Enquirer: 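The structure follows.
A note on names: the letters A, B, ... follow the listed sequences, proteins ahead of strands, and every chain is numbered from 1. The figures that follow rest on heavy atoms only: side chains count, while hydrogens, waters and symmetry mates do not. Note that the structure is a prediction, hence the values are computed from the model and not measured.
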Amino acid sequence: MQRGSRVVLAVMAWATLAAAEPDAWMDAVQPPGEGWRQHRQELVVNNESEPKTLDPHRMTGVVEMRVASALFEGLTTPDPRDLTPRPALAASWEVDDDGLGYTFRLRPGLAFSDGRPIDAEVVRASWLRALAPATGCEYAELFDPIVGAEALRRGAAAELGVEARDPLTLRVRLRHPCPWFLQLLAMPPFAAVPLHAIAAHGERWTAPGALVSSGPFLLAEHRPRQHLVLVPNPRWRAAPRLRLTRLTLLPIADADAAYRLFCSGAVHWLPSIPLAKWEEVRWLPEYYIAPFLASYFYRFNCARPPFADKRVRRAFSLAIDRRVIARQVLRAGQVPATWLTPPMPGYEPPRGLATDRARARALLAEAGWGPGGRPLPRIRLLYNTSEAHKQIAEAVAKQWEEALGVQVELVNREWKVYLAELSALDYMVARSAWVADYQHPDTFLSLWVSNGGNNRTGWASADYDAALQAARAERDPRAQMQRYRELERVLVEDELPIMPLYIYVSQGLLRSEVRGWWTNPRDEHPWWCLWIEP
Amino acid sequence: MTRGGLGAGWLSLAALALIVALCAFAPWVAPEPDALRPWLGAQPPGTRSVAVPLVVRLAVGAPGPGGRRAVYEVDEGEERLYRCALRRGRLEIIGPDAQPVGELALPPTALIFGPGGCEGPAGPGVLRAGGAPPPWLHAAAPVRYVSIRDPGPLRSVVVEQDGAGRIARIVRDGQPLEALEIAGDRVRSLEIDGRARTTLHLLGTDPLGRDLWARTLYGGRLSLSVGVVATLVALVIGSLYGAIAGWRGGRTDALMVAGIDVLDAIPFLFVVILLMTVADRSLLLFFAALGCVQWLTTARIVRAQVLALAGREFILAARALGLPTWRIVLRHLLPNCLGPLLVFAALTVPAVIVEESFLSFIGLGVQHEGRPLDSWGALIQQGLQALGSDGSRSWLLLAPASMLAVALFALHDLAERARQRLDPRAAGGGR
Amino acid sequence: MSFLARRLLLAPCVLLVVALATFAMVRLAKGGPFDAERELPAEVKAALAARLGWDRPLPEQFLRTLVGVADGSLPTLSPGQSVGAVLAPRAAVTATLGAVAFALVVVLGLGWAVLATRWSGSALDRALTHGTIACIALPSFVIGPVLAWLVGVRLGWLPPLGWGGAAHLVLPALTLAIVPAARLARLARAALAHEEHSDHVRTARAKGCGPWRVLLQHILRPALPPVVAYLGPLAAWLLTGSVAVELVFAVPGLGAEMVQAAINRDHNLVLALTLWFALAVVACNLLADLAVAALDPRVRLT
């Protein structure tokens, strides 16, 4: 894994560079020019749903994150070209030799949109707010690498390993080396929030007029289910770079309706397309498609027969030809996968189990099911309401029926019921997906620790837990990736508490006059660098 | 008020009978409705496809595909599609796995595909991302896909069967085999005893390659039965309830109307969402849920009619004669409600069908034996979603929509005629 | 006690029963508001429940909910947003859309039926019979996208979706009105036909009344009760929002909010919405009953 160490070298080299000129990269992302001045800089995008909240600490999904990235900023910010963490509130940082201590130097003169200064203490207090159970931060577990964070978010008394040495110096201590820590700092739960405004307005602090932002934009207008209007924040650290004068986010959930609006010319960007119209949409020059760091898989309920037996789980996975699902049902370029982790720099996932139906039947017989043994019970396949999930489930069920001679029952549940049944292990096989929180295989492989909240398969292995701890503690990047690869091999070739199906792609429609927009594997598009120029 | 004579009435009856019969005998007149052949995609009506399942499993001693000698033509080549698009005058190439491609060498076999299908050879040559576009990519043709096939071998698999229909021998390229599995999409043709074995898709196929004729008929089974059963439930409960409330009047009426108000004031959608999520989504529950919502309106109409009639002279006369209540209600009141009631019933069947399809629209359609069933409404909705903005793939919408429209039209027409017959004054005055 | 007073007294009872039933149903439904894609720790779930007052005994919760709905202060799942703040703008949108659609229904439906009766048996009458069937056969979620595509995108005359000025109102109101207008037209035509052949009409005709006078005075008036009985629930249905139309045209109304609230398991919001619907329904039905009584003196009100 030559590439892994090169990444580290690059990060270190760039860290030194950053200290000298922290914002040089911004010119590459948003090339200087004057052509844009002749055009109206008002961007309209579909945000696909009404954000449940604008509070970055209570964010739950991509819809809220799109708003948060405009309004709030943390210590780092992602480079839209390749997601490298770049300096935001922090101007530079140093990492201790043991990889456990980080010292951040904040930029001088940082301020919220109301003029109140942002200093190291504000960042520390913001993080404490995110960790307090009363806040109800869904992503609080992302703080877990920091000393004391896990106890704090569970409501226990603990000392957080974060210290504001002086107004411009923040010192963070981690429990284990965490190569992805700088990426985390760019996520909304790590954003600096205006605690003074929250104290003054209470729960209503996110209303227009009351909302004080630390990011590139201000909240100008918020009409729930109609639109959300953002305007530039003149006190943002790099305010002169902002070219957009107005950013409107629409909450249209119906993909067909949004597509109509796009065709009428009223929207610049649709982050997704109506899948049933793919055959039409793919001929538009505005259509784009890119790899996406997310994986689609089926969970097996390992707590109950027949899937308590790993031979049965393997048999069911071996019986599926994923090519049929990716190439013929989904068709857009999704990668059929017998492994879980999408492409990550420096990581080569194991191959997994290729389709082999004869072996599948043999394994099933060996486990004592099917002809000659106990008859297999009717397999209940749980999925949440969506046309795509239904089509995939139908294709999988058909293959199981034809290859293994089992009866499959499709169980369609509404989202919350699906989650409740998943959580309570009240299923046999369940459709699932996971989107990477950071660009590192850990985000997919740490899900399967015994009794982990997001495991939800009933599968537990002390060996796996120990191996994950060892992988996290590994200092050499190449050896670390090797350890993660071994973890994933156990997961997708031996134990199979899950059955991977395919790796996602992001696809949408973007008008060609939108500039400063880069495709990247998280489909993340910072607003500050965008502009309009036909 | 059609006065088209008997002819039109027979036409409606015939159309309805035909649709009901087709739906009832769907298993005999249509192929399997959920046979997936996703490699076909959405094909127009009249297409023929090779009759193979998703996975062809062959084994010596197992039942075979029929006939004496079957020959499968199997293509093991792999096709890769590259998207070539013009962005601000520059060429952009996206590979089959959604990754951008810097340079694409075009073998002589590479083909260009446009929205209408294959447009001819693309190469040979080399395409470079960011460079000048090839001549076949310009403002009028900003997106083209290049198909590059790995020259895979075309193999033939010969299956010989004994008289009992069991496989006696499997030979692939001269090599005898014990068992063989072929992915359905790789089969280019199937010949049994020298004749090509294909399935005719009368109404075309949907994007997953399922036969639309079969899906429309099976959808009709569901839609019609939901409509009829729920309407019957609504009529029986509603007219009894309404008649009693309207006739008894006074405190009973007030109480019974309050009952309707309470039930009516609980939003229908939420009742059904709740029912569908708390309990299993069985057909029975579905009938109950839809019928229970509809009977409220029936009850209201009957009650209003009975209230209006109760003060009429002939009812007063019947009362004065001392006729028993049940007799007045059954012989005098309900027949007089029949007109509006029949019209209402005729409107309720389609209304229920539409309501059911709306539930399918938000993903709460009925399930039966573990499979989500696609009613006409669901098929229409899927057709609508797949319908191109230039009207392409319209058969997906037109087939179920016209079947539904004909059925509903016939139902209404017959109901209207029945009303004219049943209402003596209307019949006497009209003809 | 008069009819009106009795119905007015009954209304709170109806609301209470509805509230109790809904409260029980939402609490029994599978899947709670804190079931999330990422499992939340028990401590966080407890903190969130406490913020909504769900840590108290059930009877107290129920009472607090009722009070909270009445003054609009009940908290929803969105932090800082009370049900009043969420619902007031939605209700205004739905009421506007509903009122326009209602007017369209009455004008189109009744107008068509009256014209068809005036020229009974003519081509117009036949067009009514067949046209209304065709209209009813089309679900609003088919009409909606087709209209939006045709008028909004292809012809570009009106905005294809969204909410704002009067132009945004046309397409959703039309979509909303088509099916009920057709139903009303059929219902009214049936009632009118019923009256058309009654004795008093024959008498009026014999006395030499003009066709319009007979139609409006002797046929329409007595035929109105079933029509008005239909308009009551219709008004309630329009007021509570047609989900399909709101979803298709991205109209920020109550119907769309209801589906979202039910899907998100926002129990407080669901309860407030249900009660609001119940109130609208009770009021509309009461009005319809009063109107029926006023139109037909033979209806017994006591």
Enquirer: Less than 4.5 Å to any heavy atom of chain C: does that hold for the side chain of A:T135, its backbone, both, or neither?
Expert: backbone
Enquirer: Quick one, C:P252 and A:Q226 - any side-chain contact, counting heavy atoms below 4.5 Å?
Expert: yes
Enquirer: With a 4.5 Å limit on heavy-atom distance, are the side chains of C:R38 and A:N454 in contact?
Expert: yes
Enquirer: Within a strict 4.5 Å, meaning less than it, do heavy atoms of the A:E50 and C:Q260 side chains meet?
Expert: no
Enquirer: Would you mind reporting whether A:R223 and C:P89 have side-chain heavy atoms less than 4.5 Å apart?
Expert: no
Enquirer: Using a 4.5 Å cut-off on heavy atoms from C-beta on, say whether the side chain of A:E203 contacts that of C:Q81.
Expert: no
Enquirer: Which region of A:A433, side chain (C-beta onward) or backbone (N, CA, C, O), has a non-hydrogen atom less than 4.5 Å from a non-hydrogen atom of chain C, or is it both or neither?
Expert: backbone
Enquirer: Measure the shortest side-chain to side-chain distance between C:P79 and A:T53 over non-hydrogen atoms and say whether it is less than 4.5 angstrom.
Expert: yes
Enquirer: Given side chains that start at C-beta, do those of A:L422 and C:E37 come closer than 4.5 Å, heavy atoms only?
Expert: no
Enquirer: So, C:D35 side chain and A:V417 main chain: donor-acceptor pair closer than 3.5 Å or not?
Expert: no
Enquirer: Between C:P33 and chain A, with a heavy-atom cut-off of 4.5 Å, which part of the residue counts as in contact: side chain, backbone, both or neither?
Expert: backbone
Enquirer: So what's closer than 4.5 Å to chain C heavy atoms on A:W434: side chain, backbone, both or neither?
Expert: side chain
Enquirer: Taking the side chain as every heavy atom from C-beta outward, state whether C:F34 and A:E138 have any pair of such atoms under 4.5 Å apart.
Expert: no
Enquirer: Which atoms of A:D426 come close to chain C, meaning under 4.5 Å heavy atom to heavy atom: side chain ones, backbone ones, both, or neither?
Expert: side chain
